[in-house]
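The first residue of the sequence shown is numbered 1, and numbering continues consecutively from there.
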Amino acid sequence: MANVSTTVAAGVAPASGGDRTRTLHRAIFIGLALMLAVAPFLVYPVFLMKVLCFALFACAFNLLLGFGGLMSFGHAAYFGMASYVSAHGAKVWGLTPELAILAGTAVAMVLGAVFGALAVRRKGIYFAMVTLALAQMVYFLSVQAPFTGGEDGIQAVPRGRLLGLISFADDRVLYYFVMAVFMGGLLLIYRVIHSPFGQVCKAIRENEPRAISLGYRPLHYKLAMFVLSAGLAGLAGATKAIVFQLASLTDVHWSMSGEPVLMTLIGGIGTVFGPIAGALVVVSMQNYLAHLGAWVTVVQGGIFILAVLIFREGIVGFIAGRLKQQL
């Protein structure tokens, strides 16, 4: 910790693990991009788009928890509100899909700034409870607000045309757009984590009093991390609304806040690629075990318990430990 803090204080970001680690990460990014590029020819594109949207959602949450040390139980507020704004913008305002998604993301960041300013002054369970309470306010607002459609939600959202030119009527065409959004969000998260800003956030997570003694203002960094996480969660929600042509109360329900928590824990907290693996596992269970009805949650709970007992660091965290590399 001392080395991290001293290096950050000097204004130089510490190495991410040496040339070998950087080469490994580069190879993973390239391999992931190649797999995603060919995936729609092998797997149903809509399923893949759902995985990517929730993977980005989980990565956004992990940015706050794994690298900022802040446990939020209210990320559904940003995911869901961005979904509503994106759907409303595309259907009522006639925005092109990219503008609708940007509008939803912007609203999520503003909401994150307001809620974050209230929440980051608290720590531990108090921070988590404040985020949950604020998210519940958004849920009840969504039930009553006219533009959300109440219990019916916003349905039949047009996918539109990218830049007014490229039709998203074809699932594969839309898939590659969603893939680009996901890879862009993942690269942004990776850059933030390995930037001087990210190193300061890690230092604050590990030893806040020491960071204060070095002249940093933890509240400012926590708020910035909170807003960035909320914005990326909003990006995932706004994109999901265009993909499924629907925004509903499910997106802002408290249970939605539990989805990225589960995905991150299964994949590995504090890992870059862990939430992706977690999202794939959880969404696959929801999709392929849907015939079990309410028993899906029981099966999920059982798998979650096994994952925690067998892979205490998460799937990717376990692999990283065996490889002795940062993943």
Take R161 and T96 through the test side-chain contact (heavy atoms from CB on, under 4.5 Å) and record every step on the way to the result.
CA-CA 6 Å; R161 293 174 175 270; T96 55; over 6 Å; no
Taking the six-membered ring for Trp, are Y78 and H75 parallel (under 30°), tilted (30 to 60°) or perpendicular (over 60°)?
perpendicular
In this structure, CG of L246 is separated from NZ of K240 (nearest 0.5 Å) by 5.5 Å
H194/R22 under side-chain contact (heavy atoms from CB on, under 4.5 Å): CA gap, chis, key distance, verdict
CA-CA 11 Å; H194 295 90; R22 285 192 290 270; over 6 Å; no
Shortest non-hydrogen contact between L186 and C59, atoms and distance
CD1-SG, 4.2 Å
Assigning hydrophobic clusters by single linkage (Ile, Leu, Val, Met, Phe, Trp, Tyr; side-chain heavy-atom cutoff under 4.5 Å), is L99 placed with L174?
no
What pairs of residues pass the ring pair (Phe, Tyr, Trp, His ring centres under 6.0 Å) test when at least one of them lies in residues 158-182, not counting sequence neighbours?
F168-F177
Aromatic centroids of F67 and F197 separated by under 6.0 Å:
no
So CZ of F57 and OG of S229: to nearest 0.5 Å the spacing works out to 8.5 Å
Check for me, please, whether L219 and Y221 land in the same ILVMFWY cluster - side-chain distances under 4.5 Å, paths through other members count.
yes
Sub-3.5 Å donor-acceptor pair from the side chain of D251 to the main-chain atoms of S248, do we have one?
yes
Linking I/L/V/M/F/W/Y whenever their side-chain heavy atoms sit closer than 4.5 Å, directly or via other members, would V92 and I242 fall into one cluster?
no
Using side-chain heavy atoms (C-beta onward) and a distance below 4.5 Å, is W254 in contact with Y139?
no
Using 30° and 60° as the class boundaries, would you call the ring planes of F54 and F79 parallel, tilted or perpendicular?
tilted
Just grab all the ring pair (Phe, Tyr, Trp, His ring centres under 6.0 Å) pairs involving residues 95-118, residues at least two apart or on different chains.
none
Crowded around M137 CE? As in, over 12 foreign heavy atoms under 6.0 Å?
no
If you round to the nearest 0.5 Å, how far is CD1 of I28 from CE of M35?
9.5 Å
Hey, quick one: are V243 and F47 part of the same hydrophobic cluster, counting side-chain heavy atoms closer than 4.5 Å, chains of contacts allowed?
yes
For a quick test of reading the model, state the closest non-hydrogen atom pair linking K50 to Q286 and the distance between them.
NZ-OE1, 3.9 Å
What's the separation between atom CG in L228 and atom CG in L63, rounded to the nearest 0.5 Å?
5.5 Å
When clusters are formed by joining ILVMFWY residues with side-chain heavy atoms under 4.5 Å apart, either directly or through shared neighbours, do Y44 and Y288 land in the same one?
yes
Any idea which heavy atoms bring T105 and G231 closest together, and the distance?
CG2-O, 3.4 Å
Any donor-acceptor pair under 3.5 Å linking the side chain of S257 with the backbone of A76?
yes
Between the side chains of D171 and R159, is the shortest nitrogen-to-carboxylate-oxygen separation below 4.0 Å, so that they form an ion pair?
yes
Exam field: side chain T131 to backbone A128, donor-acceptor pair closer than 3.5 Å
yes
Rounded to the nearest 0.5 angstrom, the CG-CZ distance for L24 and F29 is 10.5 Å
Within this structure, what is the CD1-CD distance for the pair I193 and Q199, rounded to the nearest 0.5 Å?
9.5 Å
Work out which heavy atom in T239 is nearest to a heavy atom in C53; give both atom names and the distance.
CG2-SG, 4.0 Å
Are any non-hydrogen side-chain atoms of S142 and M81 less than 4.5 angstrom apart?
yes
So if I apply the side-chain contact (heavy atoms from CB on, under 4.5 Å) rule between L280 and each of I315, L52, V51, which one comes out positive?
V51
Check F73 against M71 and note the closest heavy-atom contact, atom names and distance.
CE2-SD, 3.6 Å
Any donor and acceptor pair, going by atom type alone, linking the side chain of T264 with main-chain N or O of I269 inside 3.5 Å?
no
